[in-house]
Amino acid sequence: MAVEMDKVVSLTKRRGFLFQSSEIYGGLNGFWDYGPLGVELKRNVKECWWRDMVTSHDELAAPPGAPMPYEMTGLDSTIIMHPQIWKCSGHYDLFHDFMVDCRESKKRYRHDQVNGRWVDARGQRFFVTTQLGGTEGEDETQQRALKFLNLRAKDAPSLAWDGPLVSLTTVADFSQVLGPDAKTLGTLTPPREFNLMFKTYVGALSGEEGAAFLRPETAQGIFVNFKNVVDSSRVRVPFGIAQMGKSFRNEITPRNFTFRSREFEQMEIEFFCQPQSSPEWYQYWRDRRYRWYTELGLAGERLRMREHHAEELSHYSCGTADIEYAFPFLPPGEFGELEGVAHRGDFDLRSHMEGKLVRQGNDLVVELGPDGKPRHPGSGRDLSYFDDFTRERFVPHVIEPSAGADRATLAFLCEAYQEDSVPDEKGEPRTRVYLKFHPRLAPIKAAVFPLVKKDGMPEIAVDIYRALKPHFNVFYDEKGSVGRRYARQDEAGTPYCITVDSQTLADQTVTFRDRDTLEQTRVRVDDCVEEVRRRLTGN
RNA sequence: GCGGGUGUAGCUCAAUGGUAGAGCAAUAGCCUUCCAAGCUAAAGACGAGGGUUCGAUUCCCUUCACCCGCUCCA
């Protein structure tokens, strides 16, 4: 598998699909550029998504599996938004983790998730830590203290505990701290802040009052525009708002080619529906999104849908399924997320109304600060929806199919990579590398060749190229042998090659060569545009 | 951020304390009548910075990037 990924990476570089960002300066970890073929491929992925989800959606009839007809519309919000948005969404608190490292065990812990308690014993006073809480944490700290002092369980009464289990955040000096996996004192580094959101400053003066963040997801731009869209576009619940765009996460460890990038592009839908029908819509969107990938060629066993376990669900979610792909760089049996389809309830709209929410039992309540007021106040705007038909007012529930455009592009690339054996000019088998893209995704739709560069063939081929060019991204080539030109197009994933030969001079037909089957059929010169269109749309 | 490995042409690889060769690809031309043929020409690299040395691609240090394992992944 690792070998295959190397081949894919090598091909993408060689043929100009993907380059490392800032390569001539040594590169920048977690950032990638799309080259001439890559930009076409990624554009096609995004255009397929937008067309299939938004512009070609028929809002007059319920699609198969949908509870009822629904509307789809789009949005393009800014990357930098009001900082309060990220406080209410929960990203601010979650993304500002302080971490401590253990020099001895080489492990890393979240500062606020390490607990411990002070103990006096054998003339020493030190802080014994654990990652557990409650009575489990007390048991563990007792065992660890005894072990540290080389005492037996019967010596437990000689330990003088000073106070209950408290967070490591209450301890200023770590010199007398026994780390969760350490055998000696003082192995923990001071807490260091990990900013998982990119910070920037709005305005020429870079004071903290101007601090803002590059969005870590596009979704919040949709939620904060919910009322604008409802008030301006005549959409009625149930409806969805789609958005594509860049997002930024300062990943600790970018890895695996473009899979975990720090700058990446999302394709997100927020689908607003009535609370009582949300489970049906959740099912619909899971299935609809899974089918989208299979229709574009991820049809094999390498694609799967995985429902999250209850304990895996985010704090706001009451159902999430991941659409996953077995990328070649992953160990056998492991899958990487392409898209998460989440039932988010009314968490987001309510957060932007009331303030940041936390789960309390089965309910979501506004998180309060030390002063008893909301920790992160919301906008105070009413984001509820009045349904004229049922005469009901409610806060819509949300189904969120959130896809990674770069991850989808990478999966389509990996899936497309093929090798087979084709006899060459002398009849010897030769390895052929080709990208078996779905025609809709292929960067170049067709290539036009004169079989040889004489007898007027180039002139006819150029005419065909010019006839096709206004409709499709096509490529003209007359250099070298025709076999070499075919091979180059195979490597770029071009599904069709059109060749002008000597028969063309006699009967005005050309050969249409299929990338996958290598079959050639004759088509009239005047029918080329229609033939390409027919093959691309499958009609 | 830690540990291990790697870094020479677009790709795959050589050699060397005295500034580097090849195959394939790519470019130009000739030739070519269906799957990377052939001939000719020209072009192209020691990841970056610093140190040792008369001289460093080679030795040392730092840094950047990639791979593997930890850690992380809302």
Exercise for the section: Could you summarise the pairing of RNA chain B as dot-bracket text, marking Watson-Crick and G-U pairs under 3.5 Å with ( ) or [ ] inside the strand and | across strands? Expected result: (((((((..((((....[..))))..((((.......)))).....(((((..]....))))))))))))....
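- Comparing A:Gly483 and A:Glu23, the nucleotide of RNA chain B nearest to each residue sits closer to the 5' end for A:Gly483.
- Remark: A:Asp507 engages A:Gln503, A:Thr509 in a side-chain hydrogen bond (donor to acceptor under 3.5 Å, both in side chains) (not counting sequence neighbours).
- Of the candidate nucleotides B:A74, B:C11, B:U33, B:C11 has the atom lying nearest to any side-chain atom of A:Lys13.
- Of the candidates B:C34, B:A36, B:C11, the closest approach to any side-chain atom of A:Glu491 belongs to B:A36.
- Side-chain atoms of A:Glu251 and base atoms of B:C72 include no donor and acceptor less than 3.5 Å apart.
- Salt bridge A:Arg522/A:Asp501: present, at least one basic N to carboxylate O contact under 4.0 Å.
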When you compare the protein's N or O atoms with those of nucleotides 62-66 of chain B, which come within less than 3.5 Å of each other, and at what distance?
residue	atom	partner	partner atom	Å
B:C64	O2'	A:Gly26	O	2.9
B:A65	OP1	A:Asn29	N	3.1
B:A65	O4'	A:Gly26	O	3.1
B:A65	O3'	A:Gln20	NE2	2.5
B:A65	O2'	A:Gln20	OE1	3.2
B:A65	O2'	A:Gln20	NE2	3.3
B:C66	OP1	A:Gln20	NE2	3.4
B:C66	OP1	A:Asn29	OD1	3.1
B:C66	OP2	A:Asn29	OD1	2.9
B:C66	OP2	A:Asn29	ND2	3.3

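- Residue A:Lys453 has no polar side-chain atom (N or O) positioned under 4.0 Å from OP1 or OP2 of B:C31.
- Per the geometry, CZ belonging to A:Arg249 stands 8 Å off P belonging to B:A74, to the nearest Å.
- Using a cut-off of 4.0 Å between Lys/Arg side-chain N and Asp/Glu carboxylate O, A:Glu263 and A:Arg249 are scored as not salt-bridged.
- Residue pairs that meet the salt bridge (charged side-chain N to carboxylate O under 4.0 Å, His left out) test with at least one member in residues 441-452 of chain A, sequence neighbours left out, do not exist here.
- Closest to the A:Val452 side chain, of the nucleotides B:U33, B:C34, B:C68, is B:U33.
- Between A:Ser481 and B:A37 there is a side-chain polar atom (N or O) within less than 4.0 angstrom of OP1 or OP2.
- Every ring-ring contact (aromatic ring centres under 6.0 Å, His included) that A:His91 has, sequence neighbours left out, goes to A:Trp86, A:Phe95.
- Scored by the ring-ring contact (aromatic ring centres under 6.0 Å, His included) test, A:Phe271 finds A:Tyr70, A:Trp281, A:Trp285 as partners (sequence neighbours excluded).
- Taking A:Lys454 as the reference, nothing meets the side-chain hydrogen bond (donor to acceptor under 3.5 Å, both in side chains) condition, with sequence neighbours excluded.
- Between A:Ile460 atom CD1 and B:U33 atom P the separation is 17 Å, expressed in whole Å.
- Note: CZ (A:Arg255) to C1' (B:U71) measures 10 Å, nearest angstrom.
- In this structure A:Gln418 satisfies the side-chain hydrogen bond (donor to acceptor under 3.5 Å, both in side chains) test with no other residue, sequence neighbours excluded.
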Tabulate protein N/O versus nucleotide N/O from nucleotides 23-27 of chain B, keeping only pairs under 3.5 Å, one per line.
residue	atom	partner	partner atom	Å
B:A26	OP1	A:Arg488	NH1	2.2
B:A26	OP2	A:Arg484	NH1	2.7

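- We find that A:Asp322 and A:Arg304 are not joined by a salt bridge, their nearest charged nitrogen and carboxylate oxygen being 4.0 Å or further apart.
- Within 4.0 Å of A:Arg432, counting heavy atoms only, lies no atom of the nucleic acid at all.
- Put simply, CD on A:Gln131 is 11 Å from C1' on B:U71, counting in whole angstrom units.
- Taking every side-chain heavy atom of A:Tyr486 into account, B:C35 is the closest of B:A36, B:C35, B:C70.
- Nucleotides B:A48 and B:C11 place their C1' atoms 22 Å apart, quoted to the nearest Å.
- Two residues, A:Met457 and A:Glu337, neighbour RNA chain B, and the one matched to the more 5' nucleotide by heavy-atom proximity is A:Met457.
- Evaluation of the side-chain contact (heavy atoms from CB on, under 4.5 Å) rule for A:Pro439 yields A:Pro495, A:Tyr496, A:Leu536 as partners, not counting sequence neighbours.
- By the side-chain contact (heavy atoms from CB on, under 4.5 Å) test, A:Leu518 is found to be paired with A:Val422, A:Arg432, A:Arg513, residues two or more places apart in sequence or in another chain being considered.
- The distance between atom CZ of A:Phe264 and atom P of B:A74, rounded to the nearest whole Å, is 12 Å.
- In this structure, A:Leu518 reaches the bases: a heavy-atom distance under 4.0 Å links it to at least one base atom across the strands shown.
- For A:Thr517, the side-chain hydrogen bond (donor to acceptor under 3.5 Å, both in side chains) partners are A:Asp514, not counting sequence neighbours.
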